[in-house]
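Remarks on the structure that follows.
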Amino acid sequence: MIDYVPRRIIVEQSIRQAALTKKILKKFPNIQKQVVKKIPQSLPGITNNTLIISQQKGLGLVSCPGTPAYLCCNYYILDIGFGCSYNCSYCFLHHYRNTPGIIIYVNLSDILRKLTHNITHNSIPCKRIGTGEFTDSLLLDHITGYSKKLVAYFSDKQIVLELKTKSNNIQNLMGLAHNKRTVVAWSLNPKPVIQTEERAAATLSERLSAAHRCQQEGYPLAFHFDPIIYSSSWEKQYKEVIKKLQKAIDQKHVVWISLGTLRFNPGLKPLIQKYFPKSKIIYEEMIRGLDGKFRYIQPVRIEIYQKMTEWLKAVFPQTPIYLCMENPVVWKRSLGFCPKNPQDLENYIISYWNKTCR
Amino acid sequence: MIPLASIDRTNTAFKISFPEKLPHALYASIKRIGILNPIILRSLPQSSLFQIISGFRRIDAAHRLGLTNIPATAHSFKELSDRDAFIIVVYDNSASRELNIIEQAILLDKLSQPNICSEDEVIRDFLPLLKINANRFMFERMIKLRALPPAGQTALAEGRLSIAAGELLLHFPPAERPPIVSLFNKLSIGKNKAELLIHLLFDITKRDQCSVKKILGDQIIKDTLLNKDYAAADKYNHIKIYLYNRRYPRLSQIQTDITRTIDKLNLPHGIMLTPPPSLEGNALKLECKIQNKKDISLCISVLKKLIKNSSLKYLLKKI
């Protein structure tokens, strides 16, 4: 996988003198740069190759938007950036954001200061915080070096940091005193799906060998089969991924695994048709779920989860396997139980980590 | 009054009316009371004939009625630029009628030709005149509609096809578009129904890698269209079900199975059992209409029998 290199940089005037801004500008001396007073809603010519250097003005901590009528896992997001250059066809960001371009907030120390304040005052109602919701956790890590700071910060906290990625950009994670408080997680999909739907992300073998290296560094690991893409050969494809995962990773290190089938806002469908005309994923049988999103019909989802759980449990017998954004019926029919609420689900997710990493 | 013979009817630079057909109401009105609003003309250098700015259809009617002179206002070429002429076209038309979507597209297309207006000017000055949001997305959206086959443009102009459906039609290869519009015309369907069919057709062609021609050439569709016992609405329903089943084979099979099983329960009028919407969840909805104690007793006895019914067990397992 080729590391992200911007072709254009836009800097918000107020953070022009910030240390990270200077570092980034120095790192890419020959790239077109533009300083703006305020990042506008849209700028002509902005693509994913445009790096927008900005600052996080809010708390920097938001709860996962979740989706109505489906069980959420009480996940919180540390908002360190916005946008992604992996350009996965199904990504909600295509519909969610107004303009392309990758935004990076250079004031991480402010974000962490506010977080410390909240932790001190016990106002963080969660046990896991991730950075991989509005961007890939490690997409820009070779530019920002944020993982080093985040791993160090969380190493003495009672909250677990999850770095979720589709990359193999893990150099900065090597040799850090993580104290098992950082879980490095990969989204996984079969090779044919990666080749057609996640074309700019790392290959499956790159992801697995990166996970293997993190395992050697003693990091707890997590894997997300999300979105699972249904096709006539899905069983063969996902069995193959699990087989490779088994070969690459020691089951003891895997602290949670999530499963989620493809789902998307109706507004995303025309965008996939327009920007990914070769993608066939939107033409499977889907219904409008209780949250209005397109998703596979319930019997198909149950079948997928039942089989995936069976295959995964055979390899990772102790690892909690959970469903992302599913209804109680699907939970019960797939896994045999359903957590009562988001906190209950979170306790389940983190149970194996609690047992082995605390 | 200006002689009709002094007007160049072949110069259609400012013509935006669509479809071309002269509306009967306009013809009848001019026949009875004549032309009330003067036609707007412009003189042209190196020509003895006037160019029509606004009033093409009125002139057409006048010609058919054999009128020799018509009321008109003539501007000189120097005093009326192309840009200003188009402003007159918009205002003169909007005074008497709403421009349909294709007429708006034609207007925007003509305005953005070289030497008239830049695209930015069209977006800034003309979209608001047409009550369209002044942005490039809307401009491009409108202009694209001109690529539809004539029958598709007519359907849009007459409100039988939505803009969204028109846009989706443009995703099909050009040769595939006319048979789809022809199907809509044969079924005499409105916007929403057309949009549903076009979505089903598009998804099937993409998923199965087949042509519209192949789908519409299926014997079931052919037989449905030729069936003289079916009214247009029946034909539409049959074709919609056929396409839906083809697009959602597994879902439609489950839905059919559930419907048949509910039918087997033979529930009396006023008691209804329905599966969850989109088959999400595991609860059937039971509705009972009651007007008096007798209805309640009936309801209770039906429910008692229902508990023992194996079809109900099957249904609860199925959802």
Side-chain angles (χ1 to χ4, degrees), chain A residues 41-45 67-71 89 98-99 196 229-232 234 261 263 266-267 269-304 325-334 338, chain B residues 119-120 123 135-137 140-141 144 162-173 195-196 198-210 215 243-258 275-285 314-319:
Chain A
Q41 282 272 315
S42 65
L43 267 177
T67 193
Y70 294 88
L71 186 60
S89 61
N98 298 319
T99 174
T196 54
I229 308 289
Y230 180 79
S231 69
S232 54
W234 81 270
T261 49
R263 60 219 174 265
K269 189 175 173 181
L271 297 179
I272 296 177
Q273 284 169 334
K274 188 176 175 183
Y275 297 115
F276 306 93
K278 286 182 182 167
S279 176
K280 299 279 173 287
I281 57 171
I282 50 177
Y283 303 116
E284 274 305 327
E285 282 190 70
M286 289 180 154
I287 46 96
R288 294 285 288 270
L290 302 172
D291 55 356
K293 287 182 188 171
F294 282 118
R295 46 182 77 222
Y296 300 135
I297 55 176
Q298 195 168 279
V300 171
R301 297 191 333 257
I302 291 170
E303 183 195 337
I304 290 173
M325 300 302 167
E326 268 305 347
N327 71 46
V329 177
V330 174
W331 264 94
K332 281 178 191 158
R333 290 189 184 168
S334 312
C338 178
Chain B
E119 286 185 359
D120 286 342
I123 293 165
N135 60 56
R136 181 159 291 278
F137 172 76
E140 285 171 357
R141 198 175 181 203
K144 265 194 270 174
S162 67
I163 298 181
E167 285 174 317
L168 194 57
L169 200 53
L170 290 170
H171 281 78
F172 288 92
E195 201 169 327
L196 175 65
I198 210 165
H199 274 290
L200 291 170
L201 279 169
F202 188 74
D203 287 358
I204 296 167
T205 56
K206 284 285 171 186
R207 187 194 57 199
D208 299 349
Q209 299 281 293
C210 64
I215 300 170
L243 292 176
Y244 181 86
N245 290 348
R246 197 161 161 183
R247 171 68 183 91
Y248 302 105
R250 195 163 170 172
L251 181 61
S252 55
Q253 202 181 0
I254 297 170
Q255 284 168 329
T256 307
D257 187 23
I258 288 174
S278 304
L279 301 179
E280 283 285 288
N282 66 343
L284 294 163
K285 189 166 125 187
Y314 175 78
L315 269 177
L316 289 169
K317 207 176 159 189
K318 194 82 191 165
I319 57 163

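All chains are named by letter (A, B, ...) in the order of the sequence lines, taking the proteins before the strands, and each is independently numbered beginning at 1. Please read all numbers here as calculations on a predicted model, not as lab measurements.
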Checklist entry - In Å and rounded to the nearest 0.5 Å, what is the CG to OH distance from B/Leu251 to A/Tyr296? => result 14.5 Å

Item to check | Check ion pair A/Glu284-B/Arg250 (N to O, under 4.0 angstrom) | outcome: no

Checklist entry - With a 4.5 Å limit on heavy-atom distance, are the side chains of B/Lys206 and A/Gln273 in contact? => result no

Checklist outcome for this item: If one checks every heavy atom of A/Pro270 against chain B at 4.5 Å, the contacting part turns out to be neither

Next on the checklist: Can you confirm whether more than 12 heavy atoms, excluding those of B/Gln253, are under 6.0 Å from its CD atom?
Outcome noted: no

Checklist entry - Are A/Lys269 and B/Asp203 within salt-bridge range, i.e. N to O under 4.0 Å? => result yes

Next on the checklist: Within this structure, what is the CD1-OG distance for the pair A/Ile297 and B/Ser278, rounded to the nearest 0.5 Å?
Outcome noted: 10.5 Å

Checklist entry - Do you know the tightest heavy-atom contact between A/Arg333 and B/Asn282? => result NH2-CB, 3.6 Å

Next on the checklist: Can you confirm whether A/Arg288 sits close enough to B/Glu280 that some side-chain heavy atom of one is under 4.5 Å from a side-chain heavy atom of the other?
Outcome noted: no

Next on the checklist: Quick check on B/Pro249 against chain A: is it the side chain, the backbone, both or neither that has a heavy atom closer than 4.5 Å?
Outcome noted: both

Item to check | Residue among B/Glu167, B/His171, B/Lys318, B/Arg207 with most heavy-atom pairs under 4.5 Å to chain A | outcome: B/Arg207

Item to check | Most chain B-contacting option - heavy-atom pairs closer than 4.5 Å, from A/Glu285, A/Met286, A/Lys274 | outcome: A/Glu285

Item to check | B/Ile254 versus A/Pro299, closest heavy-atom pair with distance | outcome: CD1-CG, 3.7 Å

